[in-house]
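Here's the structure we're looking at; comments come further down.
Protein chains get the first letters and strands the later ones, always in sequence-line order, with residue 1 at the start of each.
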2 protein chains.
Amino acid sequence: MAISFTEENYLKVIHRLSEATSEDISTNAVAELMQTKAASVTDMLRKLAEKGWVNYQKYQGVRLSPAGEKIALSIVRKHRLWEVFLVDKMGFNWDEVHEIAEQLEHIESDDLVNKLDEYLGFPKTDPHGDPIPNKEGVLPELAYSHLSEIKANKTCKLMGVAQDSAVFLQLLTKLHLSLGAKLDIKEINEFDRSIFVSINDAEPIFISHEVAKNILVKILA
Amino acid sequence: MAISFTEENYLKVIHRLSEATSEDISTNAVAELMQTKAASVTDMLRKLAEKGWVNYQKYQGVRLSPAGEKIALSIVRKHRLWEVFLVDKMGFNWDEVHEIAEQLEHIESDDLVNKLDEYLGFPKTDPHGDPIPNKEGVLPELAYSHLSEIKANKTCKLMGVAQDSAVFLQLLTKLHLSLGAKLDIKEINEFDRSIFVSINDAEPIFISHEVAKNILVKILA
DNA sequence: AATATTTTTTAGATTAACCTAAAAATTTAA
DNA sequence: TTAAATTTTTAGGTTAATCTAAAAAATATT
């Protein structure tokens with residue numbers, strides 16, 4: 001069935017919200033991420049339900065149907081593969097690729113997506129550490145922790161970020177925090193939960209709790 | 001000023017029609033290429049004129065303004081660069097790339113286009129031999145002849161095609177006619193202007209006038 | 001439990017891009 | 001040079017996606 005860019009974006013947003021909770025997604029939550037009004041969302045949810053991509057009962061919130069989930073995952077797959085392309089092949093920085101990938105994710109050609117996947121060497125994650133669904137829509141489950149939850153004196157590896165905003169990513173870059181970096185938690189300050197951390201064995205630096213919350217790591221030791 | 005995909009497609013079509021003639025372009029000609037009705041075209045031409053991208057007086061036909069020409073050339077540039085990418089990097093055949101490039105040509109990022117250009121080695125032509133405008137919108141002028149106009153006993157090189165349809169390109173592939181092939185015109189048949197031509201010194205084959213009309217060549221000797 | 005607040009939906013408009021049918025202008029032909 | 005044919009435009013509608021304002025339902029508070 002034909003699908004518009006707008007419909008794809010709604011499914012993507014509902015998918016994103018669903019990852020964070022097992023509850024039904026509220027109209028307002030969708031409206032906020034779609035940068036539109038609740039009334040517009042109501043209209044669209046009815047339409048998506050008619051097409052069989054979401055389960056929606058008025059006043060009850062919405063969730064993706066299996067068909068809708070499949071579409072959402074294919075968009076996520078395309079978005080993340082294009083991000084890898086933009087960084088690895090085009091030489092963009094990780095904070096520059098989101099908007100372009102938002103456009104590229106709507107290009108329709110299964111053949112192209114799979115060729116791109118192969119060309120990039122079947123990457124498992126995008127430049128922000130987010131997992132890339134495979135051809136069948138299966139998301140590799142990467143159980144990472146938030147840096148803010150790690151105990152002092154632990155060593156871990158920076159595997160991803162919980163936020164793609166350019167300002168956040170640019171801050172990480174300024175702090176020399178990039179994917180794969182080795183992080184030694186030297187000290188956690190009780191006052192505001194800020195931490196001192198050594199990046200790749202360099203002099204420890206100071207990181208706010210807010211930043212640490214958005215950094216995903218794998219514990220090494 | 002903001003521009004929609006549809007507006008971009010209209011400008012592209014007007015540009016294409018303008019290349020073939022110095023006359024103003026008729027509403028019907030645009031309608032046919034846009035696969036829409038003349039009434040819709042009239043509406044759009046008025047809008048494009050308001051935005052300053054075309055010069056249009058009712059009943060007088062349309063032509064691109066310098067601003068419109070600039071936009072059209074940037075779309076052509078993107079379309080052709082993406083075609084090179086699809087063939088050279090993704091491994092598509094030349095008859096498979098048009099539809100995908102029709103989508104990719106609307107991706108908006110000057111930065112990406114210029115990085116892509118560099119990544120591809122600043123190609124001068126696309127996989128069909130069509131010239132690629134440079135960053136400034138300047139089209140390298142490639143003065144090619146139609147194979148149908150070449151005299152017997154001449155040698156030439158296949159530089160491009162005058163048509164991108166998949167059926168035509170697939171036929172060329174079956175006949176072993178690909179970009180760069182050396183063509184020796186052995187004989188032109190008076191009956192229907194079909195020709196016998198040897199491709200890369202192989203046994204001469206028979207080619208219809210209709211095919212020859214759509215093949216662009218550079219005369220070697 | 002009744003009321004107040006918040007959330008969501010409905011009702012009615014708007015805009016872009018399209019359509020059909022009819023009218024007007026232009027071009028072609030007798 | 002008038003009439004016929006064609007092309008183009010106008011007039012009036014449709015659909016998708018949005019909006020505002022008001023009504024209805026759900027949730028929270030006293």
Query raised in the report: Which residues in residues 18-35 of chain A have at least one heavy atom lying under 4.0 Å from any atom of DNA chain D?
Result: none

Requested in this report: Return the value, rounded to whole Å, for the distance between atom CG of B:Asp43 and atom P of C:dC19.
Outcome: 10 Å

Query raised in the report: Would a line drawn from the ring center of B:Phe5 to the ring center of B:Tyr10 be shorter than 6.0 Å?
Result: no

Report summary line: Taken to the nearest whole Å, CG/B:Leu45 to C1'/D:dT10 is 14 Å

**Report entry** Residues in side chain to side chain contact (heavy atoms under 4.5 Å, CB included) contact with B:Ser22, at least two apart in sequence or another chain
**Finding:** none

**Report entry** Exam field: side chain B:Gln103 to backbone A:Glu108, donor-acceptor pair closer than 3.5 Å
**Finding:** yes

Query raised in the report: Reckon A:Lys58 has a side-chain N or O less than 4.0 Å from the OP1 or OP2 of C:dT10?
Result: yes

Query - Phosphate OP1/OP2 of D:dA16: any A:Tyr10 side-chain N/O under 4.0 Å - result: no

Requested in this report: May I ask you to decide if the ring planes of A:Trp94 and A:His128 are parallel, tilted or perpendicular, using 30° and 60° as cut-offs?
Outcome: parallel

Query raised in the report: Is the shortest side-chain N/O distance from A:Thr36 to OP1 or OP2 of D:dC19 below 4.0 Å?
Result: yes

Report task. Verify the contact: side-chain N or O of B:Ser40 to OP1 or OP2 of C:dC19, cut-off strictly under 4.0 Å; return yes or no. Result -> yes

Query - Partner residues of A:Glu102 under the side chain to side chain contact (heavy atoms under 4.5 Å, CB included) criterion, sequence neighbours left out - result: A:Lys12, A:His79, A:His98, A:Glu105

**Report entry** Atom-pair distance (CG on A:Leu48; P on D:dA16), nearest Å
**Finding:** 12 Å

Requested in this report: Hey, which sits more toward the 5' end of DNA chain D by its nearest nucleotide, A:Met44 or B:Tyr56?
Outcome: B:Tyr56

Report task. Please answer whether the main-chain N or O of B:Ile71 pairs with a side-chain N or O of B:Ser74 as donor and acceptor at a distance below 3.5 Å. Result -> yes

**Report entry** Residue whose nearest DNA chain D nucleotide is more 5′ - A:Ser4 or B:Val41
**Finding:** B:Val41

Requested in this report: Could you tell me whether a side-chain N or O of A:Ser26 sits under 3.5 Å from a main-chain N or O of A:Gly61, the two making a donor and an acceptor?
Outcome: no

**Report entry** Any A:Arg46 side-chain N or O less than 4.0 Å from OP1/OP2 of C:dT9
**Finding:** no

Report task. Mind calculating the distance between OH (B:Tyr59) and C1' (C:dT26) to the nearest angstrom? Result -> 8 Å

Report task. Return the value, rounded to whole Å, for the distance between atom CD of B:Glu7 and atom C1' of C:dC18. Result -> 14 Å

Query raised in the report: Is there a side-chain polar atom (N or O) of B:Lys37 under 4.0 Å from OP1 or OP2 of C:dT20?
Result: yes

Query raised in the report: Nearest of C:dC18, C:dT10, D:dT8 to any side-chain atom of B:Thr42?
Result: D:dT8

